[in-house]
Q: 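To start, I am sharing the structure in question, which I have written as structure tokens.
So that the names make sense, note that chain A is the first sequence line, chain B the second, and so on, each numbered from 1.
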Protein chains: 2
Amino acid sequence: MSLRHGLLGLLAEGPASGYDLAGRFTELLSSVWPAQHPKIYAELNKLAAEGLVEVESEGPRRRKAYRITDAGIAEVKRWLTDVEVDHTMRLQPLLRSLFFWLMDTDELQRHLEAEARYYRELEQNYRDYAARKDRGEFGYSEQTQSMRVTIEAGIRLYSALADWAEWAQTVPPAKPAKPS
Amino acid sequence: MSLRHGLLGLLAEGPASGYDLAGRFTELLSSVWPAQHPKIYAELNKLAAEGLVEVESEGPRRRKAYRITDAGIAEVKRWLTDVEVDHTMRLQPLLRSLFFWLMDTDELQRHLEAEARYYRELEQNYRDYAARKDRGEFGYSEQTQSMRVTIEAGIRLYSALADWAEWAQTVPPAKPAKPS
DNA sequence: CTGGGACATGTCCCTAGGGACATATGAGAG
DNA sequence: CTCTCATATGTCCCTAGGGACATGTCCCAG
């Protein structure tokens with residue numbers, strides 16, 4: 001049930017349409033909280049039915065911009081402070097790593113190189129984002145300050161994974177039986 | 001569809017029952033790939049129907065131990081080498097961090113302290129696991145070598161998150177308007 | 001010998017999410 | 001003026017996963 005609160009949180013920054021929200025999700029949340037547009041539109045309708053958001057304006061091309069209501073604001077805040085954090089992590093790459101012993105050495109090496117490249121690139125994306133933020137491109141609102149904190153997590157997370165994938169390449173593939 | 005391959009991978013180490021597998025999942029995979037027993041039993045039955053695993057023996061208390069078949073081994077290997085890695089990450093704590101500006105300062109501070117403690121503890125669990133492994137408690141098979149690599153990822157990931165949560169406490173909550 | 005608890009396997013239902021498909025409309029190119 | 005593309009919103013179906021509930025069985029303590 002986090003998409004719901006993700007939408008409310010984004011709307012707390014100001015009115016937006018489902019299309020806008022889908023854009024923001026792919027732009028800055030795609031790697032930590034992916035969301036497809038069908039889910040977003042559906043959830044917005046539910047939120048509207050429950051009075052947590054309301055249609056602010058109808059624009060061209062059937063565009064509907066939503067504004068968060070007071071009840072909506074209250075609900076995000078309740079979520080942020082009263083609802084326990086869900087720490088579930090579901091990282092396929094780590095699941096795979098348990099089975100590296102089933103791969104042959106050079107296959108594994110190529111795999112780890114690709115992983116390292118992938119993570120390093122994402123790390124760089126987040127670093128660029130952070131640099132733009134620190135240059136003031138997004139202003140200095142409290143919202144962008146929080147965004148900066150999220151970006152920092154992205155940097156550190158992907159940096160750690162890239163380091164890990166590089167480190168793993170140096171681990172000897174297997175060891176002989178214990179020398180007793 | 002990773003639970004499927006997770007089970008196959010674990011069974012590649014040797015025969016085990018659904019109960020055993022559920023245990024291994026909660027023991028070493030709970031934080032990176034949670035799985036409940038109902039799903040595990042269901043998946044094992046499907047795998048058996050498809051001939052990727054077979055019942056090795058029936059023990060006391062209705063216990064059924066499964067053994068992976070050659071087709072099963074082939075399927076895990078195919079997955080490991082041919083199927084593209086799913087890098088999806090769905091981290092609620094990072095989603096929440098985008099909305100920190102909606103929390104008041106001391107609420108946020110308490111939240112970040114709790115997060116840091118949580119991650120630090122998990123990091124320590126993984127460190128202890130790594131130490132036991134390095135002491136040779138689990139032997140020196142190629143399987144445990146892979147396990148060591150997975151554990152290392154856990155250490156680095158949770159360490160990064162703990163550092164991040166501590167760092168975030170030092171970030172000034174908001175900034176005044178740009179001094180132009 | 002009896003009762004509780006750990007072992008062991010399952011069913012059922014509901015929600016979240018992925019992905020394919022459908023459709024309306026405004027803007028701009030030619 | 002028409003065609004195409006980007007904008008914008010949705011429907012539909014299927015699978016994965018969470019969580020409650022149900023059941024059988026062996027072991028051991030008292």
Side-chain angles (χ1 to χ4, degrees), chain A residues 1-8 10-11 15-27 29-50 53 55-66 79 83-92 95, chain B residues 1-8 10-11 15-27 29-50 53 55-66 79 83-92 95:
Chain A
M1 288 270 280
S2 295
L3 173 60
R4 178 183 200 75
H5 297 100
L7 292 171
L8 285 174
L10 289 180
L11 284 172
S17 70
Y19 193 82
D20 297 337
L21 293 166
R24 303 219 44 199
F25 261 94
T26 51
E27 174 202 356
L29 287 168
S30 58
S31 48
V32 301
W33 201 271
Q36 268 74 27
H37 74 266
K39 271 285 155 183
I40 292 175
Y41 289 119
E43 197 62 48
L44 281 172
N45 284 327
K46 272 194 223 166
L47 287 169
E50 294 171 37
V53 303
V55 176
E56 182 228 17
S57 64
E58 312 219 357
R61 295 171 216 209
R62 317 178 68 201
R63 176 193 176 87
K64 275 186 292 180
Y66 291 89
W79 178 66
V83 179
E84 216 187 336
V85 182
D86 178 3
H87 289 104
T88 306
M89 233 185 239
R90 197 168 231 109
L91 301 181
Q92 208 200 61
L95 180 63
Chain B
M1 288 269 280
S2 295
L3 173 60
R4 180 186 199 76
H5 297 100
L7 292 171
L8 286 174
L10 290 179
L11 284 172
S17 69
Y19 194 82
D20 298 336
L21 293 166
R24 302 218 46 198
F25 260 94
T26 51
E27 174 203 356
L29 286 168
S30 58
S31 49
V32 300
W33 200 272
Q36 270 73 29
H37 74 266
K39 270 284 155 182
I40 292 175
Y41 290 119
E43 197 61 48
L44 281 172
N45 284 326
K46 271 195 225 167
L47 287 169
E50 293 171 37
V53 304
V55 176
E56 181 228 17
S57 64
E58 311 219 358
R61 296 172 218 204
R62 318 179 68 203
R63 175 193 176 87
K64 276 186 291 181
Y66 291 90
W79 178 66
V83 178
E84 215 186 336
V85 182
D86 177 3
H87 289 104
T88 306
M89 235 186 237
R90 200 170 228 108
L91 302 181
Q92 208 201 61
L95 180 63

Q: Going 5' to 3' along DNA chain D, which are the first and last nucleotides with any atom under 4.0 Å from a heavy atom of chain B?
A: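 Taking any atom under 4.0 Å from a heavy atom of chain B, the span is dA16(D) to dC27(D).
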Q: How about W33(B) and L91(A): do any of their side-chain heavy atoms sit closer than 4.5 Å?
A: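 W33(B) vs L91(A): side chains apart.
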Q: Answer yes or no: is there a side-chain heavy-atom contact under 4.5 Å between L44(B) and L21(B)?
A: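 Of all side-chain heavy-atom pairs linking L21(B) with L44(B), at least one is under 4.5 Å.
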Q: Does any part of the side chain of N45(B), heavy atoms only, come nearer than 4.5 Å to the side chain of K64(B), both counted from C-beta?
A: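 In short, these two side chains touch, coming nearer than 4.5 Å.
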Q: May I ask you to say what R4(A) touches in the nucleic acid, namely base, sugar-phosphate or nothing, with a heavy-atom cut-off under 4.0 Å?
A: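 Answer is nothing: R4(A) stays at 4.0 Å or more from every strand.
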Q: Check whether any side-chain heavy atom of V32(A) sits under 4.5 Å from a side-chain heavy atom of L95(B), and report yes or no.
A: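 SC-SC contact between V32(A) and L95(B) ruled out.
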Q: Which residue lies toward the 5' end of DNA chain C, S17(B) or T88(B), if each is placed at its nearest nucleotide?
A: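 With S17(B) and T88(B) compared, the 5'-side residue is S17(B).
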Q: Show your working on side chain to side chain contact (heavy atoms under 4.5 Å, CB included) between T88(A) and Q92(B) and close with a plain yes or no.
A: CA-CA 8 Å; T88(A) 306; Q92(B) 208 201 61; over 6 Å; no
Q: Using a strict threshold of under 4.0 Å (side-chain N to carboxylate O), is an ion pair present between D20(B) and R63(B)?
A: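 Salt bridge present between R63(B) and D20(B).
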Q: With a 4.5 Å heavy-atom cut-off, do L47(A) and R4(A) have their side chains touching?
A: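 In short, these two side chains touch, coming nearer than 4.5 Å.
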Q: Can you list, by residue number, the residues of residues 32-45 of chain A that have a non-hydrogen atom closer than 4.0 angstrom to DNA chain C?
A: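 Residues of residues 32-45 of chain A under 4.0 Å from DNA chain C: W33(A), Q36(A), P38(A), K39(A).
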Q: Does a side-chain heavy-atom distance below 4.5 Å link E43(A) with I40(A)?
A: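 Not in contact.
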